[in-house]
Amino acid sequence: MGISKISIGFKINYLQILKPNIMKKLSLIFVFSLILFSCSKEEATVGEEALVDSFALTYKGNLYTVQLDENGNVNTSSLDTEISEVINRGYTLEIPKEDMIYLFDSEDEMNVLISEKYPTSSDTNINRSSGTATCISYKHKNYDGISISGSNNFSYPNLKWQGFNDIISSAIITNYTSRAYLVQFYKHDYFSGSSHSVIIDPVVQSVITISNFRVIGLNDEVTSIRGILL
C-alpha cells in the first residue's frame with residue numbers, strides 16, 4: 001500500500017516537472033510555425049508579382065512600356081487611347097535581336113522597316129541556305145495540345161483547311177539556317193487583318209517562343225500563318 005502511494009506521488013510530481021517544459025516547447029513550435037507561415041506568404045506574394053511582366057513597344061518613334069496582367073493580357077489602362085486602339089487593330093513586329101516590338105498602323109509601314117533591316121540580296125549563294133527553319137504552333141498555351149508545323153518558306157492561307165482555325169495559343173520558332181527568318185500570324189485568312197510578326201536572327205539566337213498568344217492579342221484568333229526566309 002505504501003509503495004502504491006509513493007508511485008502515484010512520483011508520477012504526479014514527474015508530470016508537474018514536465019508540464020512547464022512541454023508548454024515551453026509547444027510555445028516555441030507555435031512561434032516558429034508563425035514565422036514559417038509569414039515567410040511562405042511573403043514568398044507567394046513575390047511570386048505573384050513576378051508573374052506580372054512587361055515589354056518595350058515603339059510606335060511612331062516613341063517608346064512605351066506595356067504592362068501585362070497576371071493572366072498575360074495586355075494592360076491598356078496605363079496607355080493612351082490611341083496606342084490601345086492601334087494595339088487592337090494594328091501590326092506588331094517583334095525583333096528579339098533588338099529586344100524590341102514595333103507597332104504600325106499599316107502592313108506597308110512594317111514591310112518598309114523589314115526591308116531596311118534585312119535587305120534581300122541577289123547573290124544566289126546568300127539566298128541558298130543550309131539547315132531548316134520551322135514554326136510549330138500549338139492549340140493550348142505553354143506548347144500543349146495538338147500542333148501544326150511549317151518549315152522554311154511555308155504558308156497556311158486558311159487554317160480552316162487544316163482544322164486549326166482560331167485555336168492556336170502558343171508557338172515555338174526555330175532557325176538553324178544562316179539567314180534571318182520571318183514568321184507572321186494573321187487574324188484573318190489569306191494573310192489579312194491585324195498580325196504579329198517575329199524575326200529570328202541566327203546570329204543572336206536559334207529558338208524563340210510565344211508561350212501565350214494573349215500577349216500578342218491573338219489567342220484563339222489566328223487564321224493564317226506564313227514563314228519567310230529573308
Side-chain angles (χ1 to χ4, degrees), residues 53 55 57 66 68 71-74 87-97 99-104 106-108 110-111 113-114 117-118 120 127-230:
D53 204 352
F55 61 87
L57 179 73
V66 179
L68 303 177
N71 296 316
N73 296 311
V74 173
I87 287 176
N88 291 329
R89 62 175 168 76
Y91 304 84
T92 50
L93 172 65
E94 181 178 355
I95 305 181
K97 176 182 178 180
D99 192 24
M100 182 60 65
I101 297 178
Y102 295 88
L103 177 64
F104 305 92
S106 71
E107 191 169 26
D108 288 339
M110 180 179 68
N111 290 334
L113 182 65
I114 293 174
K117 291 183 175 293
Y118 296 92
T120 56
N127 287 331
R128 289 196 190 117
S129 181
S130 60
T132 304
T134 62
C135 173
I136 306 175
S137 303
Y138 297 83
K139 183 176 181 180
H140 302 309
K141 65 180 182 179
N142 298 321
Y143 330 112
D144 193 16
I146 58 176
S147 63
I148 183 172
S149 64
S151 299
N152 295 343
N153 295 309
F154 75 91
S155 66
Y156 291 116
N158 193 336
L159 287 168
K160 185 190 298 182
W161 301 336
Q162 287 77 27
F164 274 83
N165 186 51
D166 292 344
I167 66 169
I168 291 174
S169 295
S170 59
I172 298 175
I173 304 170
T174 61
N175 184 7
Y176 296 104
T177 74
S178 58
R179 295 159 60 184
Y181 189 47
L182 170 68
V183 177
Q184 298 180 295
F185 304 91
Y186 288 85
K187 188 171 184 177
H188 301 313
D189 57 1
Y190 292 94
F191 319 114
S192 61
S194 58
S195 68
H196 182 73
S197 302
V198 181
I199 295 179
I200 176 171
D201 194 325
V203 174
V204 180
Q205 60 194 124
S206 298
V207 180
I208 63 170
T209 58
I210 304 174
S211 62
N212 193 336
F213 270 42
R214 284 183 178 178
V215 174
I216 61 176
L218 289 173
N219 186 52
D220 291 340
E221 292 188 357
V222 174
T223 307
S224 53
I225 310 174
R226 63 184 173 191
I228 304 169
L229 283 166
L230 299 176

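The residues of the chain are indexed from 1 along the displayed sequence.
Contact between Asn212 and Lys141 at its shortest, heavy atoms only, is ND2-CD, 3.7 Å.
By the side-chain hydrogen bond (donor to acceptor under 3.5 Å, both in side chains) test, Ser224 is found to be paired with no residue, residues two or more places apart in sequence or in another chain being considered. Scored by the ring-ring contact (aromatic ring centres under 6.0 Å, His included) test, Tyr181 finds no partners at all (sequence neighbours excluded). Partners of Tyr102 under the ring-ring contact (aromatic ring centres under 6.0 Å, His included) rule, at least two apart in sequence or in another chain, do not exist in this structure.
If you take CG on Leu93 and CD1 on Ile114, they are separated by 5.0 Å, rounding to the nearest 0.5 Å. With values rounded to the nearest 0.5 angstrom, Ile210 atom CD1 is found 12.5 Å from Tyr138 atom OH. Atom CD1 of Ile172 is separated from atom OG of Ser147 by 9.0 Å, given to the nearest 0.5 angstrom. Ser170 OG to Asp144 CG: the interatomic distance, rounded to the nearest 0.5 Å, is 8.0 Å. Atoms CG and CZ, on Leu218 and Phe185 in that order, are 9.0 Å from each other to the nearest 0.5 Å. One distance of note links SG of Cys135 with CG of Asn175; it measures 11.5 Å at 0.5 Å rounding.
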Under 3.5 Å donor-acceptor pairs involving side-chain atoms of residues 149-156, not counting sequence neighbours:
unit_1 : atom_1 : unit_2 : atom_2 : d
Asn152 : OD1    : Ala133 : N      : 2.9
Asn153 : OD1    : Leu229 : N      : 2.9
Tyr156 : OH     : Ser149 : O      : 2.6

Per-pair distances, 0.1 Å, donor-acceptor, side chain in residues 191-208, under 3.5 Å, sequence neighbours excluded:
unit_1 : atom_1 : unit_2 : atom_2 : d
Ser192 : OG     : Asp189 : O      : 2.7
His196 : ND1    : Thr92  : OG1    : 2.6
His196 : NE2    : Glu94  : OE1    : 3.0
Ser197 : OG     : Gln184 : NE2    : 3.1
Asp201 : OD1    : Val203 : N      : 3.0
Asp201 : OD2    : Lys97  : NZ     : 3.3
Gln205 : NE2    : Val207 : O      : 3.2

Show me the donor-acceptor pairs, under 3.5 Å and distance only, between side chains in residues 161-168 and residues at least two apart or in other chains.
unit_1 : atom_1 : unit_2 : atom_2 : d
Asn165 : OD1    : Thr223 : OG1    : 3.3
Asp166 : OD1    : Thr223 : OG1    : 3.2

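Tyr118 and Arg179 form no side-chain donor-acceptor contact under 3.5 Å, judged by distance and modelled atom types alone.
No side-chain heavy atom of Ser137 sits under 4.5 Å from any side-chain heavy atom of Val222.
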